[in-house]
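Keep in mind it's a predicted model, so treat the numbers as computed, not measured.
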Amino acid sequence: MPLGIFVVRRLLFSVLVLFLVSIIVFLVVQVLPGDVAAMILGTEATFQDVATLREKLGLNRPAHVRYVEWLGGALKGDWGTSLRLNQPVAPLLLSRLRNSAVLAGLTLLIAVPLAVGLGVFAGLRQGRLADRVIAVLTLIGTSMPEFVWGSLLITVFAFWLRWLPPVALIEPGESLLQNLHFLVLPIATLTLVMMAYTSRMTRTSMIDVLEKPYIRTARLKGIGERSVILRHALRNALVPTITIVAMNIGWLMGSLVVVETVFSYPGLGRMMLFAVSNRDVPMLQMTVLVTAAVYAAANVVADVLYAYCDPRVRY
(Lines give C-alpha, C1' and ligand atoms only; values in the text may rest on other atoms or scores of the structure.)
Protein backbone atom coordinates (compact mmCIF):
# COMPACT_ATOMS: atom_id res chain seq x y z
CA MET A 1 0.00 0.00 0.00
CA PRO A 2 1.41 3.44 -0.90
CA LEU A 3 2.39 5.58 2.07
CA GLY A 4 -0.05 8.36 1.07
CA ILE A 5 -3.08 6.02 1.21
CA PHE A 6 -1.85 4.66 4.54
CA VAL A 7 -1.68 8.20 5.97
CA VAL A 8 -5.21 9.03 4.74
CA ARG A 9 -6.61 5.83 6.30
CA ARG A 10 -4.93 6.58 9.63
CA LEU A 11 -6.28 10.13 9.63
CA LEU A 12 -9.83 8.94 8.92
CA PHE A 13 -9.55 6.35 11.68
CA SER A 14 -8.35 9.04 14.11
CA VAL A 15 -11.35 11.24 13.23
CA LEU A 16 -13.65 8.29 13.99
CA VAL A 17 -11.89 7.70 17.33
CA LEU A 18 -12.25 11.37 18.28
CA PHE A 19 -15.95 11.26 17.40
CA LEU A 20 -16.43 8.28 19.73
CA VAL A 21 -14.37 10.02 22.42
CA SER A 22 -16.59 13.11 22.16
CA ILE A 23 -19.68 10.93 22.78
CA ILE A 24 -18.06 9.19 25.77
CA VAL A 25 -16.83 12.47 27.28
CA PHE A 26 -20.26 14.07 26.93
CA LEU A 27 -22.05 11.09 28.49
CA VAL A 28 -19.55 10.76 31.36
CA VAL A 29 -19.76 14.46 32.20
CA GLN A 30 -23.57 14.25 32.26
CA VAL A 31 -23.54 11.54 34.96
CA LEU A 32 -21.14 13.35 37.28
CA PRO A 33 -22.66 13.68 40.77
CA GLY A 34 -24.19 17.00 41.81
CA ASP A 35 -26.22 19.68 40.06
CA VAL A 36 -24.21 22.20 38.05
CA ALA A 37 -26.68 25.04 38.70
CA ALA A 38 -26.78 24.31 42.44
CA MET A 39 -22.97 24.21 42.65
CA ILE A 40 -22.63 27.55 40.84
CA LEU A 41 -25.20 29.33 43.01
CA GLY A 42 -24.03 27.84 46.32
CA THR A 43 -25.90 26.42 49.29
CA GLU A 44 -27.94 29.57 49.95
CA ALA A 45 -29.69 29.52 46.55
CA THR A 46 -33.43 28.91 46.46
CA PHE A 47 -35.11 26.20 44.43
CA GLN A 48 -36.43 28.83 42.04
CA ASP A 49 -32.94 30.31 41.51
CA VAL A 50 -31.56 26.85 40.67
CA ALA A 51 -34.45 26.12 38.30
CA THR A 52 -33.95 29.47 36.52
CA LEU A 53 -30.24 28.87 36.06
CA ARG A 54 -30.84 25.32 34.80
CA GLU A 55 -33.20 26.77 32.21
CA LYS A 56 -30.64 29.43 31.26
CA LEU A 57 -27.87 26.83 30.83
CA GLY A 58 -30.14 24.57 28.80
CA LEU A 59 -29.85 21.66 31.24
CA ASN A 60 -33.55 20.82 30.90
CA ARG A 61 -33.26 19.96 27.22
CA PRO A 62 -32.69 16.36 25.97
CA ALA A 63 -29.08 15.15 26.14
CA HIS A 64 -28.82 14.35 22.41
CA VAL A 65 -29.87 17.92 21.51
CA ARG A 66 -27.25 19.39 23.82
CA TYR A 67 -24.60 17.02 22.40
CA VAL A 68 -25.30 18.05 18.80
CA GLU A 69 -25.20 21.73 19.74
CA TRP A 70 -21.99 21.29 21.73
CA LEU A 71 -20.17 19.31 19.02
CA GLY A 72 -21.36 21.67 16.27
CA GLY A 73 -20.18 24.67 18.27
CA ALA A 74 -16.82 23.04 19.01
CA LEU A 75 -16.23 22.35 15.30
CA LYS A 76 -17.03 26.01 14.51
CA GLY A 77 -14.62 27.28 17.19
CA ASP A 78 -17.24 28.06 19.83
CA TRP A 79 -15.93 26.12 22.83
CA GLY A 80 -18.41 27.60 25.28
CA THR A 81 -17.98 29.74 28.39
CA SER A 82 -16.43 28.64 31.66
CA LEU A 83 -19.13 28.32 34.32
CA ARG A 84 -16.71 29.23 37.11
CA LEU A 85 -14.50 31.88 35.50
CA ASN A 86 -17.25 33.31 33.26
CA GLN A 87 -14.77 33.62 30.36
CA PRO A 88 -14.64 31.96 26.92
CA VAL A 89 -13.06 28.52 27.15
CA ALA A 90 -11.09 28.73 23.89
CA PRO A 91 -8.49 31.41 24.83
CA LEU A 92 -8.09 29.97 28.34
CA LEU A 93 -7.55 26.45 27.03
CA LEU A 94 -5.24 27.46 24.16
CA SER A 95 -3.07 29.46 26.56
CA ARG A 96 -2.74 26.47 28.90
CA LEU A 97 -2.21 24.13 25.93
CA ARG A 98 0.69 26.30 24.78
CA ASN A 99 2.32 26.10 28.23
CA SER A 100 1.89 22.32 28.35
CA ALA A 101 3.21 22.00 24.79
CA VAL A 102 6.36 23.91 25.79
CA LEU A 103 6.87 21.66 28.82
CA ALA A 104 6.18 18.43 26.88
CA GLY A 105 8.18 19.53 23.83
CA LEU A 106 11.29 20.43 25.81
CA THR A 107 10.98 17.14 27.71
CA LEU A 108 10.86 15.17 24.46
CA LEU A 109 13.78 17.11 22.97
CA ILE A 110 15.92 16.25 26.00
CA ALA A 111 14.64 12.81 27.00
CA VAL A 112 14.42 11.02 23.63
CA PRO A 113 18.01 11.61 22.38
CA LEU A 114 19.40 10.83 25.84
CA ALA A 115 17.32 7.66 26.13
CA VAL A 116 18.19 6.39 22.64
CA GLY A 117 21.90 7.14 23.14
CA LEU A 118 21.91 5.49 26.56
CA GLY A 119 20.01 2.44 25.26
CA VAL A 120 22.31 1.98 22.27
CA PHE A 121 25.39 2.45 24.48
CA ALA A 122 24.13 -0.19 26.94
CA GLY A 123 23.09 -2.58 24.16
CA LEU A 124 26.55 -2.47 22.58
CA ARG A 125 28.08 -3.31 25.98
CA GLN A 126 25.72 -6.10 26.98
CA GLY A 127 26.78 -7.77 30.23
CA ARG A 128 29.61 -5.34 30.96
CA LEU A 129 29.89 -3.06 33.99
CA ALA A 130 28.52 -0.03 32.13
CA ASP A 131 25.48 -2.02 30.99
CA ARG A 132 24.78 -3.20 34.53
CA VAL A 133 25.12 0.29 36.01
CA ILE A 134 22.73 1.72 33.41
CA ALA A 135 20.30 -1.16 34.03
CA VAL A 136 20.21 -0.39 37.76
CA LEU A 137 19.78 3.36 37.22
CA THR A 138 17.01 2.94 34.66
CA LEU A 139 15.26 0.40 36.92
CA ILE A 140 15.26 2.99 39.70
CA GLY A 141 13.94 5.57 37.24
CA THR A 142 11.00 3.40 36.17
CA SER A 143 10.22 2.28 39.73
CA MET A 144 9.57 5.75 41.15
CA PRO A 145 6.43 7.68 40.10
CA GLU A 146 6.49 11.28 38.93
CA PHE A 147 5.34 12.87 42.18
CA VAL A 148 8.13 11.11 44.13
CA TRP A 149 10.77 12.35 41.68
CA GLY A 150 9.24 15.82 41.78
CA SER A 151 9.21 15.93 45.58
CA LEU A 152 12.79 14.65 45.72
CA LEU A 153 14.06 17.25 43.25
CA ILE A 154 12.24 20.04 45.09
CA THR A 155 13.78 18.96 48.40
CA VAL A 156 17.34 18.82 47.01
CA PHE A 157 17.51 21.70 44.53
CA ALA A 158 14.95 24.12 46.00
CA PHE A 159 15.18 23.68 49.78
CA TRP A 160 18.68 22.28 50.42
CA LEU A 161 20.78 23.87 47.67
CA ARG A 162 18.39 26.78 46.93
CA TRP A 163 19.39 26.75 43.28
CA LEU A 164 15.92 26.62 41.72
CA PRO A 165 12.36 27.71 42.65
CA PRO A 166 10.13 24.96 44.11
CA VAL A 167 7.10 26.02 42.07
CA ALA A 168 6.51 27.38 38.57
CA LEU A 169 4.32 30.35 39.42
CA ILE A 170 4.32 32.16 36.08
CA GLU A 171 2.13 35.24 36.20
CA PRO A 172 -0.49 35.76 33.44
CA GLY A 173 1.04 37.64 30.53
CA GLU A 174 4.63 36.66 31.35
CA SER A 175 6.61 34.78 28.71
CA LEU A 176 7.83 31.25 29.41
CA LEU A 177 11.08 32.09 27.65
CA GLN A 178 11.75 34.75 30.30
CA ASN A 179 11.10 32.23 33.07
CA LEU A 180 12.99 29.16 31.88
CA HIS A 181 14.38 28.56 35.37
CA PHE A 182 10.83 27.67 36.44
CA LEU A 183 10.80 24.83 33.89
CA VAL A 184 14.02 23.09 34.97
CA LEU A 185 12.61 20.91 37.77
CA PRO A 186 9.34 19.94 35.98
CA ILE A 187 11.30 18.97 32.84
CA ALA A 188 13.86 17.07 34.92
CA THR A 189 11.07 15.13 36.65
CA LEU A 190 9.42 14.08 33.39
CA THR A 191 12.77 13.35 31.73
CA LEU A 192 13.98 11.02 34.48
CA VAL A 193 10.95 8.74 34.21
CA MET A 194 10.54 8.87 30.44
CA MET A 195 14.24 8.43 29.69
CA ALA A 196 14.55 5.37 31.95
CA TYR A 197 11.74 3.44 30.27
CA THR A 198 12.68 4.36 26.69
CA SER A 199 16.37 3.55 27.17
CA ARG A 200 15.54 0.09 28.53
CA MET A 201 13.38 -0.65 25.48
CA THR A 202 16.05 0.71 23.11
CA ARG A 203 18.70 -1.49 24.78
CA THR A 204 16.54 -4.60 24.39
CA SER A 205 15.79 -3.80 20.75
CA MET A 206 19.47 -3.11 20.01
CA ILE A 207 20.57 -6.45 21.51
CA ASP A 208 17.87 -8.27 19.53
CA VAL A 209 18.95 -6.67 16.24
CA LEU A 210 22.66 -7.35 16.84
CA GLU A 211 21.88 -11.07 17.04
CA LYS A 212 20.15 -11.15 13.63
CA PRO A 213 21.79 -13.18 10.82
CA TYR A 214 22.19 -10.16 8.51
CA ILE A 215 24.34 -8.42 11.13
CA ARG A 216 26.64 -11.48 11.30
CA THR A 217 26.71 -11.56 7.49
CA ALA A 218 27.70 -7.89 7.34
CA ARG A 219 30.52 -8.48 9.79
CA LEU A 220 31.73 -11.60 7.88
CA LYS A 221 31.89 -9.45 4.72
CA GLY A 222 34.43 -7.27 6.50
CA ILE A 223 32.23 -4.19 6.85
CA GLY A 224 33.54 -1.90 9.58
CA GLU A 225 31.86 -2.10 12.99
CA ARG A 226 30.83 1.56 12.82
CA SER A 227 29.03 1.00 9.50
CA VAL A 228 27.39 -2.18 10.80
CA ILE A 229 26.00 -0.28 13.78
CA LEU A 230 24.96 2.93 12.03
CA ARG A 231 23.77 1.60 8.65
CA HIS A 232 22.39 -1.85 9.49
CA ALA A 233 21.59 -2.18 13.20
CA LEU A 234 20.53 1.27 14.40
CA ARG A 235 17.70 1.89 11.91
CA ASN A 236 16.02 -1.45 12.61
CA ALA A 237 16.57 -1.08 16.34
CA LEU A 238 14.85 2.31 16.33
CA VAL A 239 11.62 1.01 14.70
CA PRO A 240 10.16 -0.35 17.98
CA THR A 241 11.58 2.68 19.78
CA ILE A 242 9.39 4.98 17.65
CA THR A 243 6.31 3.17 18.92
CA ILE A 244 7.55 3.40 22.49
CA VAL A 245 8.15 7.15 22.12
CA ALA A 246 4.61 7.59 20.74
CA MET A 247 3.20 5.66 23.68
CA ASN A 248 5.28 7.84 25.98
CA ILE A 249 3.64 10.94 24.48
CA GLY A 250 0.32 9.55 25.68
CA TRP A 251 1.87 8.84 29.06
CA LEU A 252 3.31 12.35 29.02
CA MET A 253 -0.15 13.88 28.66
CA GLY A 254 -1.28 11.99 31.76
CA SER A 255 1.87 12.78 33.72
CA LEU A 256 1.45 16.49 33.02
CA VAL A 257 -1.56 16.48 35.37
CA VAL A 258 0.65 15.18 38.20
CA VAL A 259 3.75 17.27 37.48
CA GLU A 260 1.84 20.50 36.84
CA THR A 261 0.03 20.02 40.14
CA VAL A 262 3.25 19.32 42.07
CA PHE A 263 4.98 22.40 40.64
CA SER A 264 1.87 24.62 40.35
CA TYR A 265 2.60 24.94 36.63
CA PRO A 266 -0.15 26.73 34.63
CA GLY A 267 -0.76 24.04 32.04
CA LEU A 268 -3.54 21.90 30.58
CA GLY A 269 -3.28 19.32 33.37
CA ARG A 270 -4.03 21.81 36.12
CA MET A 271 -6.86 23.24 34.06
CA MET A 272 -8.40 19.77 33.78
CA LEU A 273 -8.09 19.29 37.54
CA PHE A 274 -9.70 22.70 38.13
CA ALA A 275 -12.58 21.83 35.78
CA VAL A 276 -13.23 18.49 37.51
CA SER A 277 -13.10 19.88 41.05
CA ASN A 278 -15.42 22.79 40.17
CA ARG A 279 -17.65 20.75 37.82
CA ASP A 280 -17.00 23.28 35.06
CA VAL A 281 -18.65 21.22 32.32
CA PRO A 282 -17.76 23.27 29.19
CA MET A 283 -14.12 23.56 30.25
CA LEU A 284 -13.86 19.87 31.21
CA GLN A 285 -15.40 18.61 27.97
CA MET A 286 -13.09 20.66 25.74
CA THR A 287 -9.99 19.97 27.84
CA VAL A 288 -10.51 16.21 27.57
CA LEU A 289 -11.33 16.43 23.86
CA VAL A 290 -8.23 18.51 23.08
CA THR A 291 -6.07 16.11 25.11
CA ALA A 292 -7.50 13.17 23.14
CA ALA A 293 -6.82 15.01 19.87
CA VAL A 294 -3.17 15.57 20.84
CA TYR A 295 -2.83 11.90 21.78
CA ALA A 296 -4.42 10.78 18.48
CA ALA A 297 -2.13 13.09 16.48
CA ALA A 298 0.93 11.66 18.24
CA ASN A 299 -0.19 8.13 17.35
CA VAL A 300 -0.69 9.08 13.71
CA VAL A 301 2.81 10.55 13.52
CA ALA A 302 4.27 7.42 15.16
CA ASP A 303 2.38 5.08 12.83
CA VAL A 304 3.51 7.02 9.75
CA LEU A 305 7.14 6.94 10.90
CA TYR A 306 6.77 3.24 11.68
CA ALA A 307 5.32 2.58 8.22
CA TYR A 308 8.11 4.60 6.60
CA CYS A 309 10.81 2.58 8.38
CA ASP A 310 9.06 -0.78 7.95
CA PRO A 311 6.74 -0.92 4.87
CA ARG A 312 5.30 -4.29 6.01
CA VAL A 313 3.06 -2.58 8.60
CA ARG A 314 1.13 -0.79 5.80
CA TYR A 315 -0.67 -4.06 4.93
Asks: Go through the steps to decide whether W70 and M286 satisfy the test side chain to side chain contact (heavy atoms under 4.5 Å, CB included), and finish with yes or no.
Replies: CA-CA 10 Å; W70 167 67; M286 287 312 305; 3.7 Å; yes
Asks: Are F159 and F263 in one and the same hydrophobic cluster, where Ile, Leu, Val, Met, Phe, Trp and Tyr link if side-chain heavy atoms are under 4.5 Å apart?
Replies: yes
Asks: Could you go through the side chain to side chain contact (heavy atoms under 4.5 Å, CB included) check for L103 and E260 one step at a time?
Replies: CA-CA 10 Å; L103 185 60; E260 289 176 359; 4.3 Å; yes
Asks: Looking only at atom types and distance, does a side-chain atom of T198 sit under 3.5 Å from a main-chain N or O of M195, one as donor and one as acceptor?
Replies: no
Asks: What distance do R270 atom CZ and T287 atom OG1 have between them, rounded to the nearest 0.5 Å?
Replies: 13.5 Å
Asks: Among residues at least two apart in sequence or on other chains, which ones pass salt bridge (Lys or Arg N to Asp or Glu O under 4.0 Å) with R200?
Replies: none
Asks: Test of understanding: clusters of I, L, V, M, F, W, Y form through side-chain heavy atoms closer than 4.5 Å, transitively. Do L192 and V257 belong to the same one?
Replies: no
Asks: Answer whether the closest heavy-atom distance between the side chains of M271 and L93 falls below 4.5 Å.
Replies: yes
Asks: Do you know which two heavy atoms are closest between I154 and P166, and how far apart they sit?
Replies: CD1-O, 3.6 Å
Asks: Tell me whether the count of non-hydrogen atoms from other residues, nucleotides or ligands lying under 6.0 Å of OH in Y214 goes above 12.
Replies: yes
Asks: To the nearest 0.5 Å, what is the distance between CG on L16 and CG on L11?
Replies: 13.0 Å
Asks: Minimum heavy-atom separation for T138 and S199, please, with both atom names.
Replies: CG2-OG, 3.2 Å
Asks: If you take all heavy atoms of L139 and S143, which pair is closest and at what distance?
Replies: O-OG, 2.5 Å
Asks: Does the pair F157 and V184 meet the rule for a side chain to side chain contact (heavy atoms under 4.5 Å, CB included), with working shown?
Replies: CA-CA 10 Å; F157 293 99; V184 175; over 6 Å; no
Asks: Does L85 form a side chain to side chain contact (heavy atoms under 4.5 Å, CB included) with F274? I'd like the steps, not just the answer.
Replies: CA-CA 11 Å; L85 303 177; F274 172 85; 4.0 Å; yes
Asks: Under a single-linkage definition using a 4.5 Å side-chain heavy-atom cutoff for Ile, Leu, Val, Met, Phe, Trp and Tyr, are V281 and V68 assigned to the same hydrophobic cluster?
Replies: yes
Asks: Find out if a path of hydrophobic residues (ILVMFWY) with successive side-chain heavy-atom gaps under 4.5 Å connects Y295 to L284.
Replies: no
Asks: For the residue pair F26 and Y67, categorise the inter-ring angle as parallel (less than 30°), tilted (30 to 60°) or perpendicular (more than 60°).
Replies: perpendicular
Asks: For P91, does its backbone N or O pair with a side-chain atom of S95 as donor and acceptor, under 3.5 Å?
Replies: no
Asks: Roughly how far, to the nearest 0.5 Å, is CG of L185 from CG of L190?
Replies: 11.0 Å
Asks: Between CG of L164 and CG of L183, what distance do you get to the nearest 0.5 Å?
Replies: 10.5 Å
Asks: Between R96 (side chain) and G269 (backbone), is there a donor-acceptor pair under 3.5 Å?
Replies: no
Asks: Search all heavy atoms of S82 against all heavy atoms of V89 and return the closest pair with its distance.
Replies: N-CG2, 3.6 Å
Asks: Without hydrogens or angle criteria, can the side chains of S100 and Y265 be said to hold a donor-acceptor pair below 3.5 Å?
Replies: no
Asks: Less than 4.5 Å apart, any side-chain heavy atom of E146 and any of V262?
Replies: no
Asks: Determine, using the 4.5 Å side-chain heavy-atom cutoff (strictly less than), whether L137 and V156 are members of one ILVMFWY cluster.
Replies: no
Asks: Atom CZ of F19 and atom CG of L71: how far apart are they, to the nearest 0.5 Å?
Replies: 7.0 Å
Asks: If you look at every heavy atom in Q87 and L92, which pair is closest and at what distance?
Replies: OE1-CD2, 3.7 Å
Asks: Closest approach of I140 and W149, non-hydrogen atoms and distance?
Replies: O-CZ2, 4.1 Å
Asks: Is L256 close to L268 at the side-chain level, that is, under 4.5 Å between some pair of heavy atoms?
Replies: no
Asks: Looking at R84, is its backbone amide N or carbonyl O close enough to the side chain of D280 to form a donor-acceptor pair, meaning the two atoms are under 3.5 Å apart?
Replies: yes
Asks: Please round to the nearest 0.5 Å and tell me the distance separating atom CG of L109 and atom CG of L114.
Replies: 11.0 Å
Asks: Does any part of the side chain of V228, heavy atoms only, come nearer than 4.5 Å to the side chain of L210, both counted from C-beta?
Replies: no
Asks: So for atom OH, which belongs to Y197, do other residues, nucleotides or ligands contribute more than 12 heavy atoms lying within a distance under 6.0 Å?
Replies: no
Asks: Which residue pairs pass the salt bridge (charged side-chain N to carboxylate O under 4.0 Å, His left out) test with at least one member in residues 108-136, sequence neighbours excluded?
Replies: D131-R203
